[in-house]
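One structure below.
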Amino acid sequence: MTDLSDLLRPDAVLMDVAAANKKTIFQTLATAIAPQVGIDPRAIVDVVTLREKLGSTGFGNGVAIPHGKMAGLTQVVGAFARLAQPVEFQSVDGLPVDLVFVLLSPVGAGADHLKALARVSRQLRDRAFLAKLRGAGSPDALYALFTADEARDAA
């Protein structure tokens, strides 16, 4: 497993989020990220929505990784939501999404953005990990799953 504690803070991990559509999901996650980066949530929603118009970030198995680059950021940051009910996302497999990880990077962070996206994607392609996320009983348990690296797992 990969430790994502450099991307994700405990207060940006949400559970049982009620959302009717992508826009509501983006607004909820933007509101979770905004305090840590000092950027207006509407600007975050705009960046993620613009990227989503290029093609769905729903990559299958009920998972989406909306992402984008933003002026004003100093590092790559993320937020995660487990939805109360799956939402249509125009995913590649046609299935609705219930796990959403938003990833935001500074405008000049080309390689860092791609590396972070690859790390998150790799973890969210692991079916056993997805089952653990879907079975977690609290936001703290979800955060622990994202931040438990193999060294800690072995201890």
Side-chain angles (χ1 to χ4, degrees), residues 1-15 17-127 129-130 132-134 136 139 142-143 145-149:
M1 291 220 199
T2 303
D3 179 355
L4 299 179
S5 60
D6 60 319
L7 305 176
L8 195 60
R9 289 189 359 188
D11 55 349
V13 176
L14 311 173
M15 190 170 119
V17 171
N21 53 44
K22 288 183 192 184
K23 184 177 182 181
T24 306
I25 297 166
F26 296 164
Q27 289 169 334
T28 301
L29 287 166
T31 300
I33 292 175
Q36 94 185 59
V37 296
I39 295 176
D40 186 323
R42 289 173 296 196
I44 295 170
V45 171
D46 291 346
V47 164
V48 177
T49 301
L50 186 63
R51 165 55 188 86
E52 197 69 23
K53 287 180 181 176
L54 298 175
S56 178
T57 55
F59 70 78
N61 295 318
V63 176
I65 309 176
H67 56 278
K69 295 180 184 175
M70 292 196 72
L73 289 178
T74 58
Q75 66 183 47
V76 181
V77 296
F80 174 78
R82 186 176 82 190
L83 306 180
Q85 297 295 322
V87 170
E88 177 53 45
F89 223 86
Q90 296 80 39
S91 298
V92 295
D93 63 0
L95 297 175
V97 163
D98 66 332
L99 302 174
V100 183
F101 195 112
V102 168
L103 194 65
L104 300 171
S105 300
V107 172
D112 287 342
H113 178 76
L114 292 175
K115 287 177 190 174
L117 193 56
R119 286 171 53 209
V120 172
S121 174
R122 191 169 27 253
Q123 194 154 9
L124 292 176
R125 288 185 191 279
D126 180 327
R127 289 185 185 267
F129 183 73
L130 295 179
K132 289 177 184 177
L133 289 176
R134 290 184 173 113
L142 288 169
Y143 181 75
L145 287 168
F146 280 112
T147 59
D149 62 24

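Numbers here simply count residues along the sequence, with the first being 1.
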Shortest non-hydrogen contact from [X] to [Y]?
X	Y	result
A20	V87	O-CG1, 4.0 Å
L14	A32	CD1-CB, 4.1 Å
V47	K69	CG1-O, 3.6 Å
P41	A34	CG-CB, 3.6 Å
A79	L29	CB-CD2, 3.7 Å
G60	D93	CA-OD2, 3.2 Å

Exercise. Decide yes or no on side chain to side chain contact (heavy atoms under 4.5 Å, CB included) for L104 and V37, but give the supporting numbers first.
Key: CA-CA 10 Å; L104 300 171; V37 296; 5.8 Å; no
Between [Y] and [X], is there a side-chain heavy-atom distance shorter than 4.5 Å?
X	Y	result
T147	L4	no
L103	L7	yes
M15	L142	yes
V97	P86	no
T74	P106	no
M70	I44	yes
L145	F129	yes

Exercise. Identify the residue among D126, D112, D6 that makes a salt bridge (charged side-chain N to carboxylate O under 4.0 Å, His left out) with R119.
Key: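 Testing R119 for a salt bridge (charged side-chain N to carboxylate O under 4.0 Å, His left out) against D126, D112, D6 leaves exactly one candidate, D6.
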First locate atom [atom1] of [X], then atom [atom2] of [Y], and finally report the distance between them rounded to the nearest 0.5 Å.
X	Y	atom1	atom2	value
F80	L8	CZ	CG	9.0 Å
S91	F59	OG	CZ	9.5 Å
L83	I25	CG	CD1	4.5 Å

Quiz item: Does one side chain, of N21 or T24, offer a donor that lies under 3.5 Å from an acceptor on the other?
Solution: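 Result is yes, a qualifying pair exists.
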Exercise. Look at R82 together with D98 and state whether they make a salt bridge at an N to O cut-off of under 4.0 Å.
Key: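 No.
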Self-check item: Main-chain N/O of V63 paired with N61 side-chain donor or acceptor, under 3.5 Å
Solution: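 Absent.
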Quiz item: Are the side chain of S56 and the backbone of F89 linked by a donor-acceptor contact shorter than 3.5 Å?
Solution: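 Between the backbone of F89 and the side chain of S56 there is a qualifying donor-acceptor contact (under 3.5 Å).
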Self-check item: Sub-6.0 Å ring centroid separation between F101 and F146
Solution: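 For F101 and F146, the ring centres are under 6.0 Å apart.
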Quiz item: For K22, which of E88, Q90, Q27 qualifies under side-chain hydrogen bond (donor to acceptor under 3.5 Å, both in side chains)?
Solution: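 The option that passes is Q90.
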Practice problem: Verify side chain to side chain contact (heavy atoms under 4.5 Å, CB included) between E52 and T57, making sure each step is shown before the conclusion. | Solution: CA-CA 6 Å; E52 197 69 23; T57 55; 2.6 Å; yes
Quiz item: Among V48, V120, I65, V45, which one satisfies side-chain contact (heavy atoms from CB on, under 4.5 Å) with V102?
Solution: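 Per the side-chain contact (heavy atoms from CB on, under 4.5 Å) rule, the option paired with V102 is V48, out of V48, V120, I65, V45.
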Exercise. Check the surroundings of atom CZ in R42: do more than 12 heavy atoms from other residues, nucleotides or ligands lie under 6.0 Å from it?
Key: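 Not more than 12 within 6.0 Å, no.
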Practice problem: Please assess L133 against L124 for the test side chain to side chain contact (heavy atoms under 4.5 Å, CB included), listing each intermediate value before the final yes or no. | Solution: CA-CA 10 Å; L133 289 176; L124 292 176; 3.7 Å; yes
